[in-house]
Amino acid sequence: MNKRLSIQIQSSFMNARFMIAFLLCLLPIMVQAQHGTFRFAQLTDIHLNPNTPNPTEDLLRSVAQLNATDSIDFVLVTGDLTENGDRATLEKVKSILDLLKQKYYVILGNHETKWSDSGCTAFDDIFGSDRFEFMHKGLLFLGFNSGPLMRMAYGHVVPQDIAWMTREMDKADKSTPVVLVTHYPILAGDVDNWYELTDAVRPYNIRTFIGGHYHSNREFRYDGIPGILTRSNLRDKNGKPGYGIFDVTKDSILVYEQRIGEPKKKWASLSLSKQYFDHIGKADKYPDFSVNKKYAKVSEQWIVKTGVGIYCSPVIEEAKTSVTNPGTKTKNSLNTKRNKVFVGDDMGYLTCYDLKNGKKIWSFKAGKRIVGTPAATGGVIVFGSADRCIYGLNVSDGKVKWTVEAKEPVLGAVSIDNGIAYIGASDSTFRAIDIQNGNIKWAYSGIKGYIETKPLITADKVIFGAWDNTLYALNKANGKEMWKWTGGLNRMHFSPAAVWPVSADGKVFITDPERAMTAIDINSGQTVWRTYRSTVRETIGLSEDGERLYSKTMNDSIVCYSTKGNVPHEIWASNVAFGYEHAPSMPVEKGGTVFGSTKEGLIFALEPKTGKVLWKHKVGNSLISTVVPLNGKEVLFTATSGEVGLLKFK
């Protein structure tokens, strides 16, 4: 290419870039005459709780005042409708919101997504959808979930929702002003993939984000894009409930706080003509992947970007070769095949991939999302779905062998022992199922909370926690209750329900959201010891020899405790430098290496007897579920951002 032609091409490119930027700058000016003036309200952070009357009274008072206010065109309800996310309370909220004279639009908050006995499906059943789209007098409103789904982590906007909103904006004229409605603020430290969202919507005429979560009136810039958060509907320190009012004029959006029984007070305003951000720019910052250069011997063998959120761990089929587990004294299967990987996802697909290269082999579609980690052995893979079914599929082709119907969504992970699958559901029932024919061997129905954990199988017991402050021990042979442990826990949110229990030396070990590690006598269910020393939360793992426990602290470190004796004994603590951490991904030892993962896309490996960091690798910025090591060098992973992959340390 000659120099003159090169200069002409560069000049043409710069002129085109300038023209695009110029036209985008004109968008706000072009739309001023195209939209009408109107007013809408925002209710957020309602936190209805059947055990506390105040939130219900606060919501009723706000609804009454909204109905007495002229010229409210519609109401946005932006998440945390309930305290615990249960169906009954969601239905109660809807019955109150239905008293509104105005049309209302609802999205989920983290209290609906993290603690949900329906796997977040009740929200869709009750309100019709977990996102909304509507045009009102020339403005396009798009509402979508931004909370962590079922796992404690930062907020996250799933890939399919980002794709949806860009499609909806593409349908509209480029000049159309858009209001994006979320619960979380789109900030680092609140939403793990904030940069993916702001980069995706930046080319459009976004006028503002509207949200809640902080329980206060706040104004932000999300990589330059305006963001408005309004107060909680709950009564303030002066005893007044309240909500937000938005006046859309020809050239502005005016934001008010409306306290019950008082005049509204303006506290923010946004221009409909000012350009707040560069439409062809980038996020102010991105996640730091420099750790991968420090540990350059870790390679990504393959990664599949599914484009769909994933909340369970990957699974490989276990063959029937047996070994004795030193912690439980039971025979467990060893993997000898290792040629397939199975992953369930947010859209309800159970997909089989080739372990060697990540190529898709087959896929099966359940009725709703898959949350609990499946298990596979003897040519059968077993998993539950929020569609209220438990499935047994042929691992070779994904064909259904059998289906067991539950009365409520099935969110629990699966454990298989000696041809029997053990799994809990949200219908107060825990089941033991023959994996070859789907026959129910027994069912225990004495559970008050929903189940998401992977049950521990010992020589004679099945042990699991539920979101009712209780750890249950059942007879493995017949499902009879052997003991229950509550440890004095009196808040549902402190339940030992997300941790995967382990056992050794005659004890069961758990951690819980009260930030304690506990040893429980496996025969009596009595507490042997309980310690708050290390500030751990919902993660625990057992060494291959059954002598050590591993758990993540909530800041930077992995701690190791002895399984021996009747008092807690810390062996080592290792600073992995992962920062604040509260995700329920379990440490796993395999082949002389302890593997772990975090809510911000980091996978790490430690020396088991000293805690020395062997390597770290960052694959993204979203939650990595409990990893699955193949040996001491290779490890499978899944991410909530939709990735499935295999890492190898050379």
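FYI, side chains are in, hydrogens and waters are out, and symmetry mates aren't considered; it's all heavy atoms of this structure. Sequential numbering from 1 along the given sequence is applied to the chain's residues.
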- prompt: Hey, is NZ on K365 packed in by over 12 heavy atoms from elsewhere, all under 6.0 Å?
  reply: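 Yes, because the 6.0 Å sphere around NZ of K365 holds more than 12 heavy atoms from other groups.
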Exercise: identify the closest heavy-atom pair between [X] and [Y]:
X    : Y    : answer
D192 : K599 : OD2-O, 4.3 Å
P287 : K618 : CB-CE, 4.0 Å
S385 : A366 : OG-CB, 3.8 Å

query: Knowing that exactly one of D80, D190, N145 qualifies, which makes a side-chain hydrogen bond (donor to acceptor under 3.5 Å, both in side chains) with H183?
result: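 Going through the options one by one, the only one that passes is D80.
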message: So, applying side-chain hydrogen bond (donor to acceptor under 3.5 Å, both in side chains) with W485, which one of T470, N469, T518, T527 is it?
response: T527
task: Could you check whether the rings of H111 and H493 sit parallel, tilted or perpendicular, using 30° and 60° as the cut-offs?
output: perpendicular
message: Parallel, tilted or perpendicular: which one describes the rings of Y550 and W572, with boundaries at 30° and 60°?
response: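 The arrangement is tilted - the two ring planes meet at 30° to 60°.
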- prompt: Is NZ or CZ of R491 both nearer than 6.0 Å to the six-membered ring centre of F494 and within 45° of the ring axis?
  reply: yes
message: A cation-pi test, strictly: NZ or CZ of K484 under 6.0 Å from the centre of the six-membered ring of Y472 and no more than 45 degrees from its axis. Yes or no?
response: no
message: Determine whether F604 and V298 satisfy the following criterion, side chain to side chain contact (heavy atoms under 4.5 Å, CB included), listing intermediate values before the conclusion.
response: CA-CA 10 Å; F604 55 85; V298 182; over 6 Å; no
query: Is there a donor-acceptor pair closer than 3.5 Å between any side-chain N or O of T626 and the backbone N or O of S313?
result: no
query: Is a donor on one side and an acceptor on the other found under 3.5 Å between the side chain of T166 and the backbone of I162?
result: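 Yes; at least one donor-acceptor contact below 3.5 Å.
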Distance-only polar pair, side chains of [X] and [Y], donor-acceptor under 3.5 Å:
X    : Y    : answer
Y154 : S622 : no
E317 : T377 : no
D45  : S232 : no
Y532 : E514 : yes

message: For A498, give me all partners under side-chain contact (heavy atoms from CB on, under 4.5 Å), at least two apart in sequence or on another chain.
response: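 For A498 the side-chain contact (heavy atoms from CB on, under 4.5 Å) partners, ignoring immediate neighbours, are E452, W467, E538, P584.
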Is any NZ, NE, NH1 or NH2 atom of the basic residue among [X] and [Y] found under 4.0 Å from an Asp or Glu carboxylate oxygen of the other?
X    : Y    : result
R530 : D512 : yes
D199 : K282 : no
K590 : E544 : no
K552 : E581 : yes

query: Do F364 and Y391 have ring centroids that are under 6.0 Å from one another?
result: yes
